[in-house]
Peer 1: 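Sending over a structure as C-alpha cells; questions will come in a sec.
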Number of protein chains: 4
Amino acid sequence: MLETLNPIERRRQRRIKKRQREIMTAAAEVFAEKGYASTTTKEIADRADMAEGTLYNYFDGKREILLAIADETTAPMETAIQEAGSLKSRDEILAMLEKALAISEAHLPSTRTLLTEAWMDDDILQDYLATRLKRIRDQLAAYIKHHVDNGTFRPINPEIGAQMIMGMFGALVLPAIRGVFDPPTPQECHELAESMVDLLLDGIRLRQA
Amino acid sequence: MLETLNPIERRRQRRIKKRQREIMTAAAEVFAEKGYASTTTKEIADRADMAEGTLYNYFDGKREILLAIADETTAPMETAIQEAGSLKSRDEILAMLEKALAISEAHLPSTRTLLTEAWMDDDILQDYLATRLKRIRDQLAAYIKHHVDNGTFRPINPEIGAQMIMGMFGALVLPAIRGVFDPPTPQECHELAESMVDLLLDGIRLRQA
Amino acid sequence: MLETLNPIERRRQRRIKKRQREIMTAAAEVFAEKGYASTTTKEIADRADMAEGTLYNYFDGKREILLAIADETTAPMETAIQEAGSLKSRDEILAMLEKALAISEAHLPSTRTLLTEAWMDDDILQDYLATRLKRIRDQLAAYIKHHVDNGTFRPINPEIGAQMIMGMFGALVLPAIRGVFDPPTPQECHELAESMVDLLLDGIRLRQA
Amino acid sequence: MLETLNPIERRRQRRIKKRQREIMTAAAEVFAEKGYASTTTKEIADRADMAEGTLYNYFDGKREILLAIADETTAPMETAIQEAGSLKSRDEILAMLEKALAISEAHLPSTRTLLTEAWMDDDILQDYLATRLKRIRDQLAAYIKHHVDNGTFRPINPEIGAQMIMGMFGALVLPAIRGVFDPPTPQECHELAESMVDLLLDGIRLRQA
DNA sequence: AATGAATGAGATTTCATTCAT
DNA sequence: CATGAATGAAATCTCATTCAT
C-alpha cells in the first residue's frame, strides 16, 4: 500500500495495473455478451488480444477476473452513494438520478456483468450489490418518511414507495444495460429523469383544480 | 392434431407429457438455482430422479429443455395478456397487477429461469419475452394516451409512463423471483397492488386542497 | 459397508471395483516407469485402454488413483506384519523374509510406485509407510534385545541392529523393485533369505574354532 | 583446455562458474524437496534469487541443471572410490564407511536429488550411479573373496555378501538423506560405522567360547 | 423405455522456454 | 547480462451426448 519510491518498481506496477485493466475490459465485454459461465478464457484472451496463458500472469483464474470487475464497478457506485448524502429537494433527487444513469451507462459491459452475476450468484449479490442497494433504498425511504411526517407527502408506506422509485429507475436503466434500447443521450437522460420525478411526485392523474 | 383416438396411443402420449413435465420441473429448479450454463444434465437427472440418458428420450438436449420451460412459462402470460384486453378503470389495472403477481409467483423457478436466460440470450429474449412485454407496454401506453387525450390524465409521455409502470411492477416482483424477499402472501399482494396503483395515479406529493 | 442384498446393485459394485482395479493396475505400471509427477492421465487411460474421461467416472483425480494404489499395496504388508507376530526363532525370521520378498515381487509396479512416492511425498510416507516400517523395526529390535538379555546374542545396540537387518533386506529387494536385477526366482529367494540370516547371525568372519 | 590466460576472460569464467553453482545449489534444494518433475523453473529462480530468464543464460534448460547436479554430486564419490583402492583391513573398511557417510551428508540436497532421479530415470541411473555402485560392489566382493580364499572368512557367496554390506550402509544413510532422521553427528557416524563393521564381521550371535 | 458407463471435445490451468527491453 | 512478461503446448478435469444392455 505504501508506495515504494523506487521509480522502476512504480512503472512496473503501472504496467501491471494497465494490463489488468485491459483484461478486465475485454472480459467484461464478453461476459456482458454471453454471461460469465458461458464465456471461455480463450474468448477473453482473444478479445484482449493476448495468449490464454497471459491472463494467468495477472489473475489467479477466471473467477478472479469477474471479482475484479465487480470491485471496479461498484467503486463509483459507492462514492456516488456517499456523495448523495441525504436527498432533500426535488433537484437533489433529479441530480442523483442523472448521475446514476450516467454512471451505469459509462460502464455498460461491466455494469451488465455485475448485475447478471449478482442475479445468478448469491455471493456476488451479497458482497457487491445487496448492501449498496439497501443503503439507497433506506435513504429514499427516510426521505419519504421525512416528508410524510412533514405533511408535504401523502401518508404512503415509505418502504414500498422507496422500492417503487427504484423500480422506476430500473425500468429506465435496465433496457439500456441489456442492450434492448440504445443508451439514452445525455439530453434524453435529463428528460427521463425529469419525467420520472414528475410522475413520482404528482402521479399520472390530473389534479382536479 | 388428434390423429389417433387409439386409447393405447393416448395413454402413451399422456405418459410422455407427464415425464416431460417432471423433467421440466426439475430442470427449472436447478436452472433457477445455478443458471442454465452452470447446470449439468446430471444435476437435472438427479433432481428428476432418473438416469441421465432418460432425459434424451424426452428432449433432444439440454437446450431443448430450456426452450420447453420458456414455452410453458410464457403461455399463461400470453393468455393473461389476451384476457386483460384494454385496461380502462383503476380496478382493471388493479386486477391485472394482482393476477400478474400471482402468476409469476406460482411458477417461481421457471419464471426465474426464463427471465435469467432472456437477460443473457438474445434468442430467448426475442422469442419468448420481448414481443410480449412490448404488447403489455403498448397497452399501458394506449391506456395512458387515451386518458391524456381525455383530459383525465396529465399530459405525460405515454411511452415513458408505461415503461415506469412496468418498472414499478418489476420492483415488486423481481426481488421475490430472485429470492431476496420471501414471496408476498396473497394479502400482501393485494396491498402492494393497491399501493402501486395509488402511487401511480396520484403521486407521492400531498395535493394541496 | 453392509452389503445390500439387491443382486443388481451387487453386480454393479463388482463392475465398479473391477474397473477401478484395471485403472489402478495400468496407473501403477506407468507410475512405476515414469514416476507419478511425470505420468499424464492420458498415458494411464491409454494403458488401461479407455478414454481419459472414463478415469474420472471411477476416481476423483490423478492423486486419488495414487492413493488407492498405496492403500491396496499396503494392505498385504499390513496383514503380513500382523501375522508375523513376534519373531522368535531363526526359522520364523527366515519365513518372514521369504514372505516379504514374495509380496514385494508379486506387485512390483505398485510396490515401486509406493516406495517412490513415499520417498518424495511426506504425506504418503507418513500415511502409508512410516508407521508400518517402524513397527517392523520395533519388532526386530525387541527380538534382538530379548536375545541379548538372554545371553544368546552379543551385546549390540538393538536399534542399530534392527536398522541394519532392514538394510540388508532392502539391498535384496530394492534392485529387483527398481528393475536393475531380474526379480529372483522362488528358489533364489530361499537361498537369499538363508544367506542373509546366516550372515546376520554369524557374521562374515570365520570362527576360530 | 585452458585456452586463454587472458585475465578478463578468466574472471568472466569464474563469474559464470559461480553463477552456475548458485543455480545448482538452489535447484538441488528444491529438487530435494519436491522432486525434479514437480519443481518449476520459477521456484528454482526464486530460490536462487534471480529471474527465470537468467537460468537460461547459464543452462540450456531444466534438465541440464539436473545433469549438472548429478555430475557434481558423483565427482566426490568417484574420487572416494579411486582413493579407497583395495580394502584390506577392518580399519580401511571403517575409514571408507565414515568417509562415505560424511560425503553423502555434506551434500544432502544434491545427494537426495541424484538418488531420487536415478531411481526414476534409467538414463541417470546408468550414467551417474550404476557403474559406480557396481565398482564398489565389485571391490567389496573381491575383498570378501580374497578373505574366503584366505581362510579368514567363512565360505559365503561374495556377491551376496557385498550386496548386503551395501544394504547395511544404505540403511544408515538413506533415512538421513530422506530426512526421516536427523543426520548423524560425526561422533555418531563413527559409532555407526563401528557397529556396522562389527556386526558384519562377527554377526549378531554370541560366540560360544 | 430406462439405465448409466463410455466417450471425446473442449474448458481451465500450468509452466518451460523465448525474447524485447 | 539480467529481467520478467508473453507464449502456447500440454496437462488436468468436465460434461453433453451416445449407446449397449
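Per chain, numbering begins at 1; letters A, B, ... match sequence-line order.
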Peer 1: Just jot down the side-chain contact (heavy atoms from CB on, under 4.5 Å) partners of D:L129, sequence neighbours excluded, or say none.
Peer 2: D:M77, D:L114, D:L115, D:A118, D:L125, D:L133
Peer 1: Under 3.5 Å, which N/O atoms of the protein pair with N/O atoms of nucleotides 17-21 of chain F?
Peer 2:
residue, atom, partner, partner atom, Å
F:dT17, OP2, B:Y56, OH, 3.0
F:dT17, OP2, B:K62, N, 3.0

Peer 1: Who are the side chain to side chain donor-acceptor pair (under 3.5 Å) partners of B:S38, not counting sequence neighbours?
Peer 2: none
Peer 1: Only counting residues at least two apart or in another chain, list the ones meeting side chain to side chain donor-acceptor pair (under 3.5 Å) with C:R15.
Peer 2: none
Peer 1: What are the residues of residues 15-27 of chain D, sorted by number, that bring a heavy atom to within less than 4.0 Å of DNA chain F?
Peer 2: D:R15, D:R19
Peer 1: So, using side-chain contact (heavy atoms from CB on, under 4.5 Å) as the criterion, who are the partners of A:E72 when residues are at least two apart?
Peer 2: A:R21, A:M24
Peer 1: Just to verify, what does A:L67 make a side-chain contact (heavy atoms from CB on, under 4.5 Å) with, not counting sequence neighbours?
Peer 2: A:R63, A:I124, A:Y128
Peer 1: The criterion is side chain to side chain donor-acceptor pair (under 3.5 Å); which residues satisfy it with D:T74, sequence neighbours excluded?
Peer 2: none
Peer 1: D:E22: which residues meet the side chain to side chain donor-acceptor pair (under 3.5 Å) condition with it, sequence neighbours left out?
Peer 2: D:R19
Peer 1: Show me the donor-acceptor pairs within less than 3.5 Å that the side chains of residues 48-60 of chain C make with the rest of the protein, sequence neighbours left out.
Peer 2:
residue, atom, partner, partner atom, Å
C:E52, OE2, C:T41, OG1, 2.8
C:T54, OG1, C:A51, O, 3.4

Peer 1: Between C:R11 (CZ) and E:dG4 (C1'), how many Å, whole number?
Peer 2: 15 Å
Peer 1: Based on Watson-Crick and G-U pairs with both distances under 3.5 Å, what dot-bracket line describes DNA chain F 5' to 3', crossing pairs as [ ] and inter-strand pairs as |?
Peer 2: .||||||||||||||||||||
Peer 1: Name all residues meeting the side-chain contact (heavy atoms from CB on, under 4.5 Å) criterion together with C:A32; count only those two or more places apart in sequence or in a different chain, and write none if there are none.
Peer 2: C:P109, C:R112, C:T113
